[in-house]
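These notes are about the structure you will find just below.
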Amino acid sequence: LQWELGLPDSLMEFIYSIGRELQDQNAITEGKALFRFLMALNPYQGTFWGQYGLLFMKEGNHEEARSSFEIARFFSPED
């Protein structure tokens, strides 16, 4: 969807940086919503899945975190 909408990588990186700030502030609900939005735009970006997983870890949901990390590893095996 990112490409269909013509959204440049620089915009995605900017939105990602907001998500990282939310994560740093322990704004888990907002952070998860933002990363779900990013993943809807580009589900192939492993970094988005990894950060989503970290938010699940912060709230103690290890099963969802593990699932997100597995998807992140699939899309970005080098990370």
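Basis for what follows: all heavy atoms, side chains included, without hydrogens, waters or symmetry-related copies.
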Is any side-chain heavy atom of [Y] closer than 4.5 Å to one of [X]?
X     : Y     : answer
Gln51 : Arg20 : yes
Leu38 : Gln45 : no
Tyr52 : Ile71 : no
His62 : Phe56 : no
Tyr16 : Leu34 : no

Grouping I, L, V, M, F, W and Y whenever their side-chain heavy atoms are under 4.5 Å apart, do [X] and [Y] come out in a common cluster?
X     : Y     : answer
Met12 : Phe75 : yes
Leu11 : Leu22 : yes
Phe69 : Ile28 : no

I need the minimum non-hydrogen distance between [X] and [Y], along with the two atoms involved.
X     : Y     : value
Glu64 : Asn61 : N-OD1, 3.1 Å
Ala72 : Gly50 : CB-N, 3.6 Å
Trp49 : Pro43 : NE1-O, 2.9 Å

Review point. Can you check whether Asn42's main-chain N or O pairs, donor with acceptor, with Gln2's side chain at less than 3.5 Å?
Key: no

**Study point:** Under 3.5 Å: donor-acceptor pair, side chain of Glu13, backbone of Ser10
**Key:** no

**Study point:** Aromatic ring pairing Phe48/Phe35, orientation class (parallel under 30°, perpendicular over 60°, tilted between)
**Key:** tilted

